[in-house]
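Data block below; observations after.
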Amino acid sequence: MMPEYIPNHRPQFGRLFAGILLVLIFSACTSSDNSQSTTGGTTGGTTGGTTGGQVDGPLGPLPNPPLTAAPSQDDEPIAEPASFNTSTDLQLVRNPVPRSEAPATNRYTDADFESGPLPADITIPDDVNPEFNSAPDFENIQNIEAVAGQQLEIVFKPIDADGELPGMFPVALAPGASFDDNFDGSKTYRWQPLQNDIGINAFAVTAVDSQNSLYRNTRTILIRVRLPDDETQIPNVPPTLDPIGPHTARVNDPVVYEFKGIDLNGTVPTLELLSSLPNASFSNHPLYEDIYTLRFIPTSTGEMNVQVLVRDSVDSNLTTTENVTINVLPIQAFERTGQRLRDLAAVRGIQFGYASLQEYYHRPDGGVYADIAADEFDLVTPENAMKMNEINPSAGQYQFADIDNLVAFARLNNMQVHGHPVIWHRQLPEWIETANAAELEGHMREYIHRLMNRYRDDIALWDVVNEPIGDSGGYRDSLWYNALGETYLETAFHQARTTAPNATLLLNDFDIAINGPKATTLFTMLNNLLERGVPIDGVGFQLHVFSDFNQIDEVRANFQKVADLDLDIYITELDVGLRETDDLQAQANVYASLISVCLQQPRCKAIQTWGFTDQYSFRENVHPLMFDTAYQTKPAYQAIQNALGN
Ligand code: 9MR
């Protein structure tokens, strides 16, 4: 199904011109219902109409009138000045308005508070029988009223009907709070809520059974904070900087920091740059008043210290000075021997890809990140930027900037983009989680169409449905499954095919390459879908594994079973966590053997790793990738080269 990949070297000004042209066409269309318009987005090189976007497939027309507003010109990304990012070769864009995000304190309502403490959340391990070993709990759990500026003290005393004293730990502490041992079996939570905490806050503590440390009970209490009658009684605390950990950068690349000032008193501090840095610009973020962007270009190597002063907006004498460090390495430090992975893979007839960090170009090390990515990979998946809460954060609002930027980056570097995920049960916006179930099918189809149509000229490979299989087999309980039943899968694929007739459509999941209930369900599911003529082209195997992974034969056999169904195979999210910190060679071997399985299987079309540097892995604790946090290759990198080269 996948159309031949045609390298596209369109220069940037051409792209901008196409963008302007399309914006004009787009605005001409927005007066009518554009959810069914075929002119699509602004990133494509062609104006569409002929290449896709028709909506009347086997499912019939999309909801008319649309259930929510389609993307309009108000959602179109706008140019971002270079002083805000690390890009030197692309004109990047940003979203026109900040994302609407409900503050966390709004999660609980007064009604929740009034109805008393939340129910116990008990985890019972398989080897515990609660009839003989009762769950640990706490004495006297209740919701608490508090006043901003006043010190709050709450005593937690764990109890167990079996008589033994359970252990305990807090799930998370509020800034400045402590959880102190009273040396009598109890602990005290001490916290001084401030203006930022007005409203309802949750605080959770876990009690741990004295006989089995996995037998636990987490209790959450709600703390309702109100303003005192005399607000001047609230102490003004010094503002701080949202911490930024160390980074590695390459000499002569631009470095960018987004500094966020924090004031628990609810005001916005101002930031001043104390260090003198080469070619530096320091400016307030155009969308977020609490963020300042620093951009500079280190012209010599070594560790650099960046000093920023944070000043209280009410009392200008109240300040804090914060330091961040960056290690600037010479260009040679990033040189790699042998051939680049994408070139080695191309010789073997497959693509080699990675999952891209969202907005890598707003990170200090964006320059070296982008260069390594462009050299090593010819396929890229957005790790998070295409999740529904990012693309469509509130009904009728769309944020396309990061994907537009990724598409531009991919085009410039002759890479293909792999869309991920279209329909998933996680990272959903609140508006869809609370939508009327009777309208979910319509919402799903509208969303699929709007996303895939916008990028139909840029993205030819999609994870249409992500993780539909439950952890113990069967359909996963999800918003989509619960509202629409099993047919949600086929509806999603039909809509995807209708919108993007030439694209390769995948079902992507984890734990399906090894034998077990998930693989069993996969094959039942695939057979059903194929029998019913559902347009599915392949399976994405995630493969988040560990360095002691030894089920290679099962992977090989399951790949073959997919091939026997005349479907393509993609390794979509490969990473190999270390069991022990010195398991680097074992990690390398696992990479090599999984890559060999793909190479031996003619239907295996591409391998993607889930990121490439441990600096930005979602499994950062187990260092699962082939570059370390300083962008130096690990044995895994050489092992991948060898596997691809053999
Ligand atoms: O790597 C992603 C991580 O940064 C996100 O926090 C997480 C949120 O759900 O999703 C991770 O990516 C997942 C991917 O989209 C689907 N397969 C599993 C991946 C790891 O959880």
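For the single chain, residues carry numbers from 1 onward in sequence order. Counting convention: from 1, in listed order, for ligands and their atoms alike. Values below: every heavy atom of this structure, side chains too, minus hydrogens, waters and symmetry copies.
Of the possible donor and acceptor atoms, none in the side chain of Trp610 sits under 3.5 Å from a partner among the backbone N and O of Pro624.
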Are there any N/O pairs under 3.5 Å between ligand 1 and the protein, and if so, what are their distances?
from, atom 1, to, atom 2, distance (Å)
ligand 1, 1 (O), Glu383, OE2, 2.4
ligand 1, 1 (O), Trp610, NE1, 2.9
ligand 1, 4 (O), Glu383, OE2, 3.3
ligand 1, 4 (O), Asn384, ND2, 2.9
ligand 1, 9 (O), Arg426, NH2, 3.1
ligand 1, 9 (O), Gln427, OE1, 2.8
ligand 1, 10 (O), Lys387, NZ, 2.9
ligand 1, 12 (O), Lys387, NZ, 3.2
ligand 1, 12 (O), Trp610, NE1, 3.4
ligand 1, 15 (O), Lys387, NZ, 2.7
ligand 1, 15 (O), His420, NE2, 2.8
ligand 1, 17 (N), Glu467, OE2, 2.8
ligand 1, 17 (N), Gln542, OE1, 3.1
ligand 1, 17 (N), Gln542, NE2, 3.3
ligand 1, 17 (N), Glu573, OE1, 2.7
ligand 1, 17 (N), Glu573, OE2, 3.3

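If you look at His425 and Tyr481, their ring centroids are not closer than 6.0 Å. Between Phe541 and Tyr570, a ring centre-to-centre spacing not shorter than 6.0 Å is recorded.
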Between Lys634 and Asp614, does a salt bridge (charged side-chain N to carboxylate O under 4.0 Å, His left out) hold up when you go through it step by step? CA-CA 10 Å; Lys634 292 159 64 178; Asp614 289 336; 2.7 Å; yes
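Considering only residues two or more places apart in sequence or on other chains, Arg363 meets the salt bridge (Lys or Arg N to Asp or Glu O under 4.0 Å) condition with none of them.
The cationic atom of Lys518 (NZ for Lys, CZ for Arg) lies less than 6.0 Å from the six-membered ring centre of Phe510 and within 45° of the ring axis.
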